2 protein chains.
Amino acid sequence: MSKNLINWLENLLLWGIIIKLKAMTSFTEENYLKIIYMLTEQNGGNEVSTNELAEITQTKAASVSDMLRKLAEKNLINYRKYQGVTLTKEGQQIALSVIRKHRLWEVFLVDKLGFGWDEIHDIAEQLEHIDSKELTEKLDKFLGSPQFDPHGDPIPDSKGKMPSMASCKLSEVPIDQTVVMVGVLVHSPAFLQHLDKNHITLGSTIKIQEVSEFDKSFTVLLNNNQSVFVSNEVAKNLLVK
Amino acid sequence: MSKNLINWLENLLLWGIIIKLKAMTSFTEENYLKIIYMLTEQNGGNEVSTNELAEITQTKAASVSDMLRKLAEKNLINYRKYQGVTLTKEGQQIALSVIRKHRLWEVFLVDKLGFGWDEIHDIAEQLEHIDSKELTEKLDKFLGSPQFDPHGDPIPDSKGKMPSMASCKLSEVPIDQTVVMVGVLVHSPAFLQHLDKNHITLGSTIKIQEVSEFDKSFTVLLNNNQSVFVSNEVAKNLLVK
DNA sequence: ACTATTTTTTAGGTTTGTCTAAAAATTTGA
DNA sequence: TCAAATTTTTAGACAAACCTAAAAAATAGT
């Protein structure tokens, strides 16, 4: 009967919609996945705790618990109650895609629009959730397929593979050695502006002239022949090669 | 007493937050305002009805009613029950800012990333809600402060002023006259792809060679000396100058 | 090893934006 | 003009993402 057929088609359509909804990740879910990815990295691959997530998302632990249950149902995280979480393959893919978009947009904001590296974070936090694969790939081409963002962070490729680069903290480099500034471990506007004021930017050549016994502060020579003072606190957060 | 002082400060803070929340417009609210603006234009300044809004937002009239009550409370629309709505000054400002962002991003997508004019609508619908005045103004500069978007629609300036341009429908132009294509009244991919196939684009020179008595279809001569056939349906939706 | 503390989860509630069903207002047309 | 049809609003519910308060599990200290 044609009415049965129509019902059947409608059911199929309905199923299609349900499957689509289940496959979709919301703005908020994407944020959780991204943060779990970054914290897992920081922890050296260990599980991320509920409280850590609550701290960073600026919500309460109870809200995090709710969300973790939901993400686990969607198979995006590995979740054993009270034991913290890690990402599944699928969750990692989504996290990497969000990070890719975030970092590509940061390159756009600095290279094309002329923003400072201390001004772009909040805008990129919004742009990273724009949903269009074609857009991401065209943006990537337009920017010349950059490997690193304006803070020196690696940009994963469309398959989620991160470019790697050996680097270490400036604080660990021996005296008299000459190195190149390739990244920062802290992204706060205050830190970045401090570097600007001292003419230290991505790509700066840094020669370590003197290290104080007392407070482990550095005096370094930059490529412009300027001699600047670098506290240990700063040196610990500068990546060089 | 210091406890009273603290309470008092907390109250002030709370007030501050409430004021901020009241001043903010959500993604969804922005969409309603934008749509009300566009429908009001189409209606020649008349009120927009609940059903019209339900149709376009793809929701139910009941949901629209709810939202209208909310927007009216925030003084963004003029709303008399059962009488339809218009925007207040404040609502219009927000609508124009969203439209400005939408059209600037469309220029970016076509001019810088190489998208076709039939592929950009859904992406711009997302980008138009990115919240950063500095971003909008830097994007505008980067694009060379364009006056019109890839469909020929005017881009309001940062104060909400629309550039104007006299134009009329191709269907209203007399025979033998030569005009320039400056816009479209329909933005569906199908229509835009049809124009692409006939080599009619923004800026094309069009000379009307022949008009059929029977179906009001046109034969026109383009700047590349190609002669193409234009149905009345198409001619009614082409803006020329 | 067993309290005390901390961490995490559960239970129950709020807001936003949606829904369906039903009521009320407006418009239409004989 | 007044009953029928249409449009709009109200009432009551639901899902997502959050909250507070309280219960349960894990960890730590002696």
Side-chain angles (χ1 to χ4, degrees), chain A residues 10 13-14 17-36 39 43 46-74 76-86 94 125-126 129 131, chain B residues 10 13-14 17-36 39 43 46-74 76-86 94 125-126 129 131:
Chain A
E10 276 180 357
L13 183 62
L14 192 59
I17 289 167
I18 289 165
I19 289 163
K20 213 170 188 177
L21 286 177
K22 276 208 123 179
M24 288 233 306
T25 44
S26 71
F27 190 101
T28 312
E29 289 168 337
E30 283 188 358
N31 264 331
Y32 271 91
L33 295 175
K34 181 188 67 172
I35 292 168
I36 293 167
L39 289 178
N43 289 353
N46 282 326
E47 286 81 11
V48 178
S49 77
T50 302
N51 263 3
E52 276 182 283
L53 287 169
E55 165 102 33
I56 297 212
T57 56
Q58 294 278 48
T59 62
K60 295 299 146 79
S63 311
V64 174
S65 266
D66 267 6
M67 182 55 85
L68 295 183
R69 195 187 28 69
K70 198 170 133 192
L71 292 173
E73 261 169 29
K74 291 190 175 189
L76 298 173
I77 59 175
N78 306 115
Y79 177 43
R80 286 168 15 253
K81 281 181 191 173
Y82 297 97
Q83 305 304 135
V85 294
T86 56
I94 295 171
E125 287 282 299
Q126 298 180 63
H129 301 289
D131 179 32
Chain B
E10 277 181 358
L13 183 63
L14 193 59
I17 289 165
I18 289 165
I19 289 162
K20 210 168 188 177
L21 286 176
K22 277 208 124 179
M24 289 234 306
T25 44
S26 71
F27 189 100
T28 313
E29 289 169 338
E30 283 188 359
N31 263 332
Y32 272 91
L33 295 174
K34 180 189 68 173
I35 292 168
I36 293 168
L39 289 178
N43 287 353
N46 282 326
E47 285 80 12
V48 177
S49 76
T50 302
N51 263 3
E52 275 181 283
L53 286 169
E55 165 100 35
I56 297 213
T57 56
Q58 294 277 49
T59 62
K60 296 299 147 80
S63 312
V64 174
S65 267
D66 269 5
M67 182 54 85
L68 295 183
R69 193 186 31 67
K70 197 170 135 193
L71 292 173
E73 261 168 30
K74 291 189 178 191
L76 298 173
I77 59 175
N78 306 114
Y79 177 43
R80 283 164 22 251
K81 281 180 189 174
Y82 296 99
Q83 305 303 135
V85 294
T86 56
I94 295 170
E125 287 282 300
Q126 297 180 64
H129 301 290
D131 179 33

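Each chain gets a letter, A, B and so on, in the order its sequence line appears, and its residues count up from 1. Note that this is a predicted model, so its numbers are computed, not measured. FYI, side chains are in, hydrogens and waters are out, and symmetry mates aren't considered; it's all heavy atoms of this structure.
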Between [X] ([atom1]) and [N] ([atom2]), how many Å, whole number?
X	N	atom1	atom2	answer
A:Lys74	D:dA15	NZ	C1'	12 Å
A:Glu29	D:dC18	CD	P	10 Å
A:Met67	D:dC19	CE	P	11 Å
A:Glu55	C:dT7	CD	C1'	14 Å
B:Leu71	C:dT16	CG	P	12 Å

[N] OP1/OP2 closer than 4.0 Å to side-chain N/O of [X]:
X	N	value
B:Tyr32	C:dT16	no
B:Lys81	D:dT7	no
A:Lys60	C:dT9	no
B:Ser65	D:dT8	no
A:Thr59	D:dC18	no
A:Asn51	C:dT6	no
A:Thr28	D:dA16	no
A:Tyr82	C:dT6	no

Q) Hey, is the main chain of B:Glu47 close enough, under 3.5 Å, to the side chain of B:Asn43 for a donor-acceptor pair? A)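 Checking the backbone N and O of B:Glu47 against the side chain of B:Asn43, a donor-acceptor pair under 3.5 Å is found.
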Q: For the pair B:Gln126 (side chain) and A:Asp131 (backbone), establish whether a donor and an acceptor sit closer than 3.5 Å, ignoring hydrogens and angles.
A: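 Yes, because the side chain of B:Gln126 sits within donor-acceptor range (under 3.5 Å) of the backbone of A:Asp131.
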Q: Nearest-nucleotide wise, let me know which of A:Asp66 and B:Thr50 is further upstream toward the 5' end of DNA chain D.
A: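 Nearest nucleotide further toward 5': that of B:Thr50.
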Q) Taking for each residue the nucleotide of DNA chain D bearing the nearest heavy atom, is the 5' side occupied by A:Ser63 or by A:Gln83? A)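 Result: A:Ser63.
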Q: Tell me, with the steps shown, if A:Tyr79 and A:Leu71 meet side chain to side chain contact (heavy atoms under 4.5 Å, CB included).
A: CA-CA 9 Å; A:Tyr79 177 43; A:Leu71 292 173; over 6 Å; no
Q | Side chains of A:Thr28 and A:Met67 in contact at under 4.5 Å (non-hydrogen atoms) | A |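 Contact flag for A:Thr28/A:Met67 side chains = yes.
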